[in-house]
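Have a look at the structure that comes next, please.
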Amino acid sequence: MKSEDLAGEVARLFALNVRHAMGDRSIRSVAAEAGIDHVTLGNVLKGDSWPDLVVIARLEYTFGVDLWPGRVKSGARIPRA
């Protein structure tokens with residue numbers, strides 16, 4: 001479901017990109033190949049946590065594709081800090 005929060009929407013799109021790149025592979029096998037904890041990957045995919053730069057970089061290197069969605073052009077709002 002689309003998020004109205006800009007950061008949440010970017011994280012959601014990132015998780016969708018990872019799911020697509022994984023195909024039929026398991027969370028454990030992808031995490032092992034990427035050198036990250038499978039619990040971390042599972043939490044990112046469920047939306048329970050946001051990936052840090054190390055996780056993003058390792059997954060992009062593992063899959064050989066850009067996973068970060070870039071600038072979101074939706075009506076998402078930017079919460080004030």
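Values in this document were obtained by computation on a predicted structure and should not be read as measured data.
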Original post:
How about Arg28: does its CZ atom have over 12 heavy atoms from other parts shown lying under 6.0 Å from it?
Top reply: no
Original post:
Could you give the distance from NE2 (His38) to CG (Leu45), rounded to the nearest 0.5 Å?
Top reply: 12.0 Å
Subject >> same_hphob_cluster(Val44, Val65) at 4.5 Å side-chain heavy-atom cutoff >> reply: yes
Subject >> Donor-acceptor under 3.5 Å (Asp48 side chain, Asn43 main chain) >> reply: no
Original post:
CD1/Ile27 to CE/Met22 distance, rounded to the nearest 0.5 angstrom?
Top reply: 5.0 Å
Original post:
Does any non-hydrogen side-chain atom of Val30 lie less than 4.5 Å from one of Ile36?
Top reply: no
**OP:** Verify, without hydrogens or angle tests, whether Arg58 (side chain) and Gly35 (backbone) share a donor-acceptor contact under 3.5 angstrom.
**Re:** yes
**OP:** Kindly give the heavy-atom pair with the smallest separation between Asp52 and Val55, and that separation in Å.
**Re:** OD1-N, 2.9 Å
Original post:
Do Trp50 and Val18 sit in the same hydrophobic cluster, where Ile, Leu, Val, Met, Phe, Trp and Tyr count as joined when their side-chain heavy atoms come under 4.5 Å apart?
Top reply: no
Original post:
What are the two closest non-hydrogen atoms of Asn17 and Leu67, and how far apart are they?
Top reply: ND2-O, 2.7 Å
Subject >> Crowding at CG, Asp66 (>12 non-hydrogen neighbours, <6.0 Å) >> reply: no
Subject >> Where Trp68 and Glu60 come nearest, the two heavy atoms and their spacing >> reply: N-OE2, 3.1 Å
Original post:
Does Leu41 reach the side chain of Leu59, with side-chain heavy atoms less than 4.5 Å apart?
Top reply: yes
